[in-house]
Amino acid sequence: MPELPEVETITRKLSPVLTNQEICSAELLWDGSLATPSPKEFCQILPGQLIENVSRRGKFIWITLSQYHLLIHLRMSGDLFTRPIADPIEKHDRVIINLTGSLSLVFNDTRKFGRIWLTRDPELVLGKLGPEPLTDSFSAEFLHTMLKEKHRQLKPLLMDQSFLSGLGNIYTDEALHIARLNPLRKSDSLTIDECIALREAIKDVLHEGILRNGASIDWVYKGGDFQNHFRVYGRKGEACPTCGAMIEKILVGQRGTHFCPTCQSKEE
DNA sequence: AGGGAAACCCGAACGC
DNA sequence: TGCGTTCGGGTTTCCC
């Protein structure tokens, strides 16, 4: 579930707490595959590393250490938070990184989809990510050019992290609704005016998500309240906030897709 | 090249 | 009440 706004919210919260802290030990409570390196190496490398910076790239949380980079992808059900070092282990804790102060940094993940990388070269992990939608260079003209280079369904393309980084299922549905674009439109069929609307919608929906501290859906990631402001996501059968027609749910690229058949009609 | 499907995983929600 | 089944969400990988 965590998409760009949720990851941004977590990052903003952790940055002032973690920056300049030193890691004293790490433990992995993990039976499955942690991408790199092996759990043993992981726990050997971390002690003594200083946390220099906490930021975000796409949906990855990026923790810069003195000699390594810790990259964390929360996927669906992951969460990252601090708690007093003396507190007991919670259900679904996967990684616990103890700081020299009184805090632990905890990676908790119910569904074990999340992944962590510890590497000297972050580009190995982040290299294929597409552009960030919240930068000035993400202009309508740029988006138009990008879309013209592909001939794909609009929604799966926007969710493709190598095309654009940060959008997941929820914010994509919301953005397409605001821009009044059908999720099945072929990417190279959009006019420049439609790209202007789409770029604005993507920025607006991400900014609103960040402003509301993300969306708390399922039992994952608590704190935000954007879920109470969704226009179409999870609202199958309800009235479209724009035109009042009934919101439909279809499958697009194997993903549940919510849209208004009237103001997001396929034509044009 | 694009798109469909399966795999990964587990708790919640649903059906009976 | 309790059991079994289905579902969803992000990504990768494989296949047509």
Side-chain angles (χ1 to χ4, degrees), chain A residues 1-11 28-36 56-62 71-80 90-95 107-117 124-130 132-133 146-176 182-190 202 205-206 209 214-222 224 226-227 230 232-237 247-259 266:
Chain A
M1 177 282 298
E3 304 184 21
L4 190 153
E6 289 74 36
V7 175
E8 174 78 17
T9 299
I10 291 171
T11 301
L28 273 80
L29 304 86
W30 188 288
D31 49 348
S33 55
L34 190 71
T36 33
R56 170 192 72 71
R57 172 75 172 96
K59 301 179 190 176
F60 289 81
I61 294 169
W62 183 353
L71 299 162
I72 301 172
H73 198 305
L74 302 171
R75 292 277 177 94
M76 306 289 318
S77 56
D79 196 7
L80 192 68
E90 290 174 30
K91 199 173 181 182
H92 310 309
D93 282 355
R94 307 298 176 193
V95 180
F107 174 59
N108 181 289
D109 184 13
T110 307
R111 291 176 186 168
K112 296 184 178 176
F113 272 19
R115 290 292 180 267
I116 296 186
W117 293 260
L124 293 176
V125 181
L126 308 173
K128 289 178 182 170
L129 287 177
E132 290 282 336
M146 288 169 62
L147 291 170
K148 282 276 182 226
E149 288 170 0
K150 302 285 182 182
H151 183 70
R152 291 177 56 182
Q153 296 170 332
L154 191 52
K155 174 174 174 180
L157 181 57
L158 291 174
M159 289 178 61
D160 184 335
Q161 300 301 297
S162 66
F163 179 79
L164 184 68
S165 55
L167 288 180
N169 202 41
I170 297 172
Y171 290 89
T172 305
D173 278 3
E174 294 296 305
L176 288 174
N182 188 283
L184 289 169
R185 279 282 296 277
K186 286 294 183 182
S187 57
D188 54 357
S189 76
L190 267 64
I202 289 172
V205 79
L206 292 178
S216 309
I217 47 170
D218 271 5
W219 55 97
V220 180
Y221 182 71
K222 304 146 190 84
F226 189 44
Q227 71 279 6
F230 291 156
V232 287
Y233 184 84
R235 298 196 181 280
K236 173 188 173 185
I247 293 165
E248 288 183 11
K249 182 179 181 184
I250 59 172
L251 216 54
V252 179
Q254 272 88 268
R255 306 308 302 276
T257 298
H258 313 75
F259 75 109
K266 189 136 191 294

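Between A:His73 and C:dG10 there is no side-chain polar atom (N or O) within less than 4.0 angstrom of OP1 or OP2. Distances shown here put a side-chain N or O of A:Gln161 below 4.0 Å from the OP1 or OP2 atom of C:dT11. Remark: A:Lys59 is in phosphate contact with C:dT11, judged by side-chain N or O atoms under 4.0 Å from OP1 or OP2.
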Once each nucleotide of nucleotides 1-8 of chain B is scored for protein heavy atoms under 4.0 Å, what B/S/- sequence comes out, 5' to 3'? -SSSB--B

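Residues satisfying the salt bridge (charged side-chain N to carboxylate O under 4.0 Å, His left out) criterion with A:Arg255, sequence neighbours excluded, are absent altogether.
The environment of NZ in A:Lys148 is crowded: more than 12 heavy-atom neighbours from other residues, nucleotides or ligands sit within 6.0 Å.
Residue A:Lys155 is classed as having no contact, given no heavy-atom separation below 4.0 Å to the nucleic acid.
If you take CG of A:Leu74 and P of B:dC9, they are 18 Å apart, rounded to a whole angstrom. The CG-C1' distance, from A:Leu164 to C:dT11, rounds to 16 Å in whole Å.
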Going through the checks in order, is the salt bridge (charged side-chain N to carboxylate O under 4.0 Å, His left out) test met by A:Arg57 and A:Glu132? CA-CA 8 Å; A:Arg57 172 75 172 96; A:Glu132 290 282 336; 2.9 Å; yes

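Looking at heavy atoms from C-beta onward, A:Leu158 lies out of side-chain contact with A:Tyr171 at the 4.5 angstrom threshold.
The rotation axes computed at either terminus of the helix from B:dG2-C:dC16 to B:dC16-C:dG2 lie 60° apart, taking five pairs at each end and rounding to 10 degrees.
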